[in-house]
Amino acid sequence: MNAVFYIAAAVAVVSTVMVVTRANAVYALMYLIVSLLSVALIFFVLGAPFIAALEVIIYAGAIMVLFVFTIMMLNLGPKAVHQESQWLSGRMWIGPSILVAVLIGEMLYVLWGGEHPVEGRHIVEPREVSLALFGPYIMIVELSSMLLLGGLVAAYHLGRRVRGDVKEPKS
Amino acid sequence: MMATVPTEYGMLLAALLFGIGLVGLLVRRNVIFMLMCTEIMLNAAGLAFVVAGSRWHQPDGQIMFIIIVTMAGAEVAVGLALILRFYHLFKTLDADAADTMKG
Amino acid sequence: MLQLLWTVPALPLLGFVLLAAFGGRLPRAGVSVIGAGSVGLSAAVTGLIAWTFVKAPPAGGFSQYLWTWFQVGDLKVDMTLRLDPISLVMILVATGVGFLIHLYSTEYMRDDPDYARFFAYMNLFVAAMLVLVLADNLPMLYLGWEGVGLCSYLLIGFWYDNPDNARAAVKAFLVTRIGDVAMLIGLFVLFFSLETLDLGSIMGRAQAQWTPNSAVAVAATALLLCGALGKSGQLPLQVWLPDAMAGPTPVSALIHAATMVAAGVYLLARTHVLFDLAPAVQHVVALIGAATLLLAGTSALAQRDIKRALAYSTISQLGYMFLALGVGAWSAALFHFMTHAFFKALLFMAAGAIILALHHEQDMFKMGGLRKRLPLVFLTFLAGAMSLAALPLVTAGFYSKDMILWEALSSPKGGVLLWGAGVLGAFITGLYSFRIVFLVFFGEERSHVTARPGMAMMLPLAVLAVLALAGGFVELPGTLGHVTLFSAFMGTHAMEGAPALAEGVQQVLAALLALGGVAVAVVLFVRRPEIVRNWVSTPAGSVLHELCASGWGFDRFYDAVIVRPFVWLASFHREDFMAVVWRAVGGLADGGAAGLSRMQTGRLRLYMAGIVLGAIITVALVVLL
């Protein structure tokens with residue numbers, strides 16, 4: 001099974017790089033879905049089947065559909081894609097890449113600097129997760145419901161069409 | 001059906017995905033792409049939690065992932081609504097257009 | 001019945017709370033009912049209490065403990081109301097006259113946009129005044145003292161959109177504050193020396209511990225006297241009272257004539273035991289009273305503004321009360337306080353009716369001939385003016401003023417000099433009060449009457465007119481019937497064994513001088529007005545007139561001696577070296593803000609880069625340390 005992990009990891013990294021570099025939003029979105037699905041596979045082989053299912057249903061399913069709808073509503077044409085590729089000039093990548101490389105380097109240092117953990121996995125059943133979720137973590141569940149309600153209200157409020165909020169585009 | 005990859009590799013993958021997302025967030029000017037990059041980073045953080053939970057045979061990592069998904073859902077809903085408003089207001093998706101609060 | 005005492009101050013306070021909270025949303029009728037009704041109810045309760053009290057006076061007065069206000073170490077201050085003859089007279093006047101003035105205000109302030117605010121302040125004032133006079137200890141008295149001062153400030157500046165009114169309010173507040181601070185220090189001295197602030201125990205312990213004219217007695221009484229001088233507008237702190245007329249006329253009637261300004265008299269009457277132990281200070285009280293009554297009386301002679309003339313007359317009458325206090329006749333002072341409350345409130349309200357009828361015209365030289373236009377107002381004003389001028393036999397003012405004059409002459413602390421000042425003051429009083437009457441109501445008409453006062457204004461005037469004439473019959477001198485209801489109630493006895501002949505001669509003399517004042521007024525202001533005109537146009541006359549009109553130049557004097565040097569000092573110290581330090585601090589903050597705000601470029605990705613940089617440094621710190 002280890003091979004599955006490595007292949008899925010490679011797919012995830014490559015497709016994520018593609019997400020970040022695409023000029024067309026729809027293509028980027030497709031790559032993002034691929035990335036999410038490969039991460040779901042990794043969850044599965046790591047012994048978290050419940051989370052793998054959630055990843056597919058919520059992330060790759062619901063949230064990505066939201067993105068698709070939004071892009072559809074924005075109705076961006078080829079002009080936007082052109083503009084996007086203009087923004088993605090080569091020099092733009094240097095600074096952020098160095099910054100992030102340093103950060104990753106530090107993380108790796110932390111990762112390998114510590115003691116080497118023992119191996120030996122086992123599957124964490126959905127049953128265990130649920131018992132913990134509705135046992136010691138019940139408070140967080142309640143808080144999440146508040147968060148979701150807040151998100152709902154905010155999205156509704158922001159999504160309303162308001163007269164007269166259209167401004168001239170900036171030169 | 002269990003993989004026996006070392007924990008470090010799972011963490012390495014999480015770090016890489018997070019880093020790619022971060023680079024994208026820094027580079028892209030389009031707010032939709034910025035939001036997508038945020039999603040990548042959140043997903044990478046969730047991956048790190050699940051790997052750690054799997055390492056310690058505890059359900060807590062997975063619970064954290066569930067919380068992250070919930071948060072991501074709310075965040076995307078509000079974020080996309082904001083993007084729609086943003087586009088109505090500025091007729092562009094350039095994040096640098098919204099600089100009216102500069103000091 | 002006496003147990004209801006707590007409702008007397010509580011009802012106006014409740015009215016204030018209601019009006020302050022809901023006044024803006026209530027209809028005018030509702031505001032009137034709450035505003036005047038609360039004081040009216042309080043007056044009714046006071047009447048019942050007075051009836052019970054007089055029928056069977058409880059020995060040593062009646063106290064009602066409400067709650068403990070605060071307790072620090074040995075000092076325990078209770079909220080305790082105390083009812084005795086002095087405070088009973090005070091609350092009767094405060095609620096009775098207060099209610100009449102509230103009733104009058106419902107019509108006078110009818111068209112004011114801030115109707116509810118006015119009544120809220122007025123109710124708060126009545127509540128504070130009642131706390132002041134019912135207080136059983138000095139801290140509580142001081143609470144009421146500051147409360148009435150605050151309301152006075154608020155009501156003088158009631159029409160605050162005119163900067164002159166706001167300035168008058170601030171002036172009144174600051175000048176009385178000088179006295180209040182002195183009084184507060186006086187309370188400290190009393191507590192330091194006697195270790196109590198309870199009025200009853202203070203009197204008892206002072207008599208036991210103090211020797212007459214000891215330093216502590218002189219210091220404590222002198223400081224209390226300063227407080228009373230500020231509140232009652234006596235020399236040298238009288239300058240705020242004429243300016244206080246910037247407030248609405250009912251305010252002048254209630255606060256600056258009938259009740260608050262008499263708080264100083266009340267304080268001195270309350271603590272008369274202490275003043276008996278400091279005869280030197282007491283003598284100063286009498287001298288200040290005599291000087292004030294002459295100075296204010298002559299100032300009243302030269303005023304054009306009817307309200308300012310009445311204000312100076314108030315100062316002058318308060319001077320009489322201080323004269324009485326200074327010769328130890330505190331019951332005479334309270335008697336004159338009562339009659340003065342009647343006729344001065346009456347005069348102010350009648351003046352208010354005239355001012356309203358003439359569209360806010362206050363200049364007496366633009367009035368005239370109103371006798372026929374406003375006959376009822378004329379009659380009531382005449383009653384008030386007669387009482388003020390102390391016309392013999394028929395007016396209340398005569399009996400109270402006569403009592404003061406006789407005490408000033410016959411008391412061992414008095415003397416011919418003080419009496420002479422009082423009698424001369426009586427002549428001036430007759431002159432200036434009838435000057436007002438003749439200028440306003442006689443002669444040719446110079447202005448047009450647009451509105452006549454209605455019932456709500458005329459009823460209080462009529463009631464007070466009756467009281468101003470008949471209110472004096474509760475105390476008649478030995479030569480005329482010898483009724484001593486008031487002084488017997490106060491627990492003081494009238495002069496025993498005084499030669500009736502001397503008293504009679506004294507009375508006739510004072511009465512003749514008062515009548516003489518009126519007669520001179522007839523000559524000067526009705527028959528031969530050109531005498532005054534010619535005299536004022538001579539150089540000496542014009543200087544004197546100017547001096548009187550400006551209240552003997554006290555305002556100018558204080559301006560030159562205190563205000564200007566202080567302003568100069570303040571502006572001189574604006575640029576001292578501490579200012580440099582603080583400016584440096586300010587500049588640092590300013591520059592720092594300007595520098596840091598450059599970071600706020602409004603570009604999201606730069607902020608993001610900042611976050612990443614921070615994350616790198618944080619992780620690096622964790623890793624390396």
Side-chain angles (χ1 to χ4, degrees), chain A residues 1-2 4-5 9 12-13 16-17 19-20 25 28 32 36 39 43 45-48 50-51 54 58-59 63 66 70-71 73-74 84 87 92-93 96-97 100 103-104 107-108 111-112 117 119 121-122 124 128-129 132-133 137 140 144 147-148 150-151 154-155 158-159 165-167 169-170, chain B residues 1-8 10-13 15-17 19-24 26-30 32-33 36-37 39-40 43 47 50-51 53-55 57 59-60 62-63 65-67 69-78 80-85 87-92 97:
Chain A
M1 289 313 286
N2 283 4
V4 176
F5 174 84
V13 171
T16 309
V17 169
V19 173
V20 175
L32 184 52
L36 291 174
V39 172
F43 285 150
V45 299
L46 284 179
F50 179 53
I51 294 303
L54 276 185
I58 298 181
Y59 250 127
I63 294 180
L66 263 181
T70 310
I71 291 167
M73 283 170 76
L74 290 177
E84 199 65 41
W87 282 344
M92 288 286 290
W93 295 89
S97 302
V100 174
L103 192 60
I104 291 178
M107 284 198 242
L108 294 182
L111 220 54
W112 265 276
E119 283 315 310
R121 303 179 177 282
H122 80 134
V124 180
E128 274 179 83
V129 176
L133 192 59
Y137 286 106
I140 290 195
S144 305
L147 174 72
L148 286 173
L158 290 168
D165 64 352
V166 178
K167 263 193 204 162
K170 282 204 152 191
Chain B
M1 196 168 89
M2 284 288 298
T4 53
V5 283
T7 309
E8 287 83 4
M11 288 306 221
L12 173 65
L13 175 63
L16 276 179
L17 289 180
I20 296 167
L22 198 52
V23 171
L26 290 172
V27 169
R28 305 304 297 246
R29 288 172 74 171
N30 187 324
I32 289 189
F33 281 92
M36 280 189 219
C37 292
E39 292 305 311
I40 294 170
N43 192 42
L47 176 62
V50 173
V51 170
S54 153
R55 160 73 184 80
H57 312 302
D60 306 57
Q62 301 194 18
I63 286 170
F65 183 82
I66 293 172
I67 304 303
V69 170
T70 315
M71 204 273 280
E75 180 242 348
V76 164
V78 176
L80 288 175
L82 276 173
I83 287 175
L84 286 177
R85 265 315 256 285
Y87 190 68
H88 272 290
L89 211 61
F90 293 103
K91 292 290 171 216
T92 174

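Every chain is numbered from 1 and lettered A, B, ... according to where its sequence line falls, protein lines coming before strand lines. What you see below is based on every heavy atom in this structure, not just the backbone, and it leaves out hydrogens, waters and symmetry mates.
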Colleague: Please round to the nearest 0.5 Å and tell me the distance separating atom CD1 of A:I63 and atom CD of B:E75.
Modeller: 8.0 Å
Colleague: In terms of heavy-atom pairs under 4.5 Å with chain B, which of A:A154, A:A9, A:S97, A:G150 leads?
Modeller: A:A9
Colleague: List the atom of A:A155, the atom of B:A77, and the distance in Å for their closest heavy-atom pair.
Modeller: CB-O, 3.9 Å
Colleague: Give, as side chain, backbone, both or neither, the part of A:L54 having an atom under 4.5 angstrom from any heavy atom of chain B.
Modeller: side chain
Colleague: Quick check for you: among B:C37, B:G53, B:G73, B:A72, which has the greatest number of heavy-atom pairs under 4.5 Å with chain A?
Modeller: B:A72
Colleague: Measure distances from A:V39 to the heavy atoms of chain B and classify the residue's part below 4.5 Å as side chain, backbone, both or neither.
Modeller: side chain
Colleague: To the nearest 0.5 Å, tell me how far B:R55 CZ sits from A:L46 CG.
Modeller: 13.0 Å
Colleague: Is the side chain of B:R28 donor-acceptor paired with the backbone N or O of A:V20 at a distance under 3.5 Å, no angle test?
Modeller: yes
Colleague: Taking all heavy atoms of B:A15 and all of A:M107, pick out the closest pair and write down the distance.
Modeller: CB-SD, 4.1 Å
Colleague: By a 4.5 Å heavy-atom criterion (distance strictly below it), what part of A:L147 contacts chain B: side chain, backbone, both, or neither?
Modeller: both
Colleague: Should the ring pair A:F43 and B:F65 be called parallel, tilted or perpendicular, given that the plane angle runs from 0 to 90° and is split at 30 and 60?
Modeller: perpendicular
Colleague: Determine whether B:N43 and A:L36 satisfy the following criterion, side-chain contact (heavy atoms from CB on, under 4.5 Å), listing intermediate values before the conclusion.
Modeller: CA-CA 8 Å; B:N43 192 42; A:L36 291 174; 3.3 Å; yes
Colleague: Relative to chain A, which of B:T70, B:L22, B:I20 shows the most heavy atom pairs under 4.5 Å?
Modeller: B:I20
Colleague: What residue, out of B:V27, B:L17, B:I67, B:I32, has the most heavy-atom pairs lying under 4.5 Å from chain A?
Modeller: B:V27
Colleague: Tell me which of these, A:P96, A:G151, A:A28, has more heavy-atom pairs under 4.5 Å with chain B than the rest.
Modeller: A:P96
Colleague: When rounded to the nearest 0.5 angstrom, what distance separates CD in A:E128 from CG in B:D60?
Modeller: 10.0 Å
Colleague: From A:L108 CG over to B:M11 CE, what is the distance, rounded to the nearest 0.5 angstrom?
Modeller: 11.5 Å
Colleague: Quick check: closest heavy atoms across B:F33 and A:A25, and the distance to 0.1 Å?
Modeller: CZ-CA, 3.6 Å
Colleague: Picking from B:N30, B:L16, B:I66, which has the most non-hydrogen pairs under 4.5 angstrom with chain A?
Modeller: B:N30
Colleague: Could you tell me which portion of A:L32 (side chain, backbone, both or neither) has an atom closer than 4.5 angstrom to a non-hydrogen atom of chain B?
Modeller: side chain
Colleague: A:V129 and B:I63: which non-hydrogen atoms are nearest, and at how many Å?
Modeller: O-CD1, 3.8 Å
Colleague: At a heavy-atom distance under 4.5 Å, which candidate from A:T16, A:L133, A:I51 has the highest pair count against chain B?
Modeller: A:I51
Colleague: Under 4.5 Å heavy-atom distance to chain B, tell me which part of A:W87 shows up: side chain, backbone, both or neither.
Modeller: side chain
Colleague: Under 4.5 Å from any heavy atom of chain B, what part of A:I104 do you find: side chain, backbone, both or neither?
Modeller: side chain
Colleague: To the nearest 0.5 Å, what is the distance between CD1 (B:I83) and CG (A:L74)?
Modeller: 7.5 Å
Colleague: Distance from B:Y87 atom OH to A:M73 atom CE, nearest 0.5 Å?
Modeller: 12.0 Å
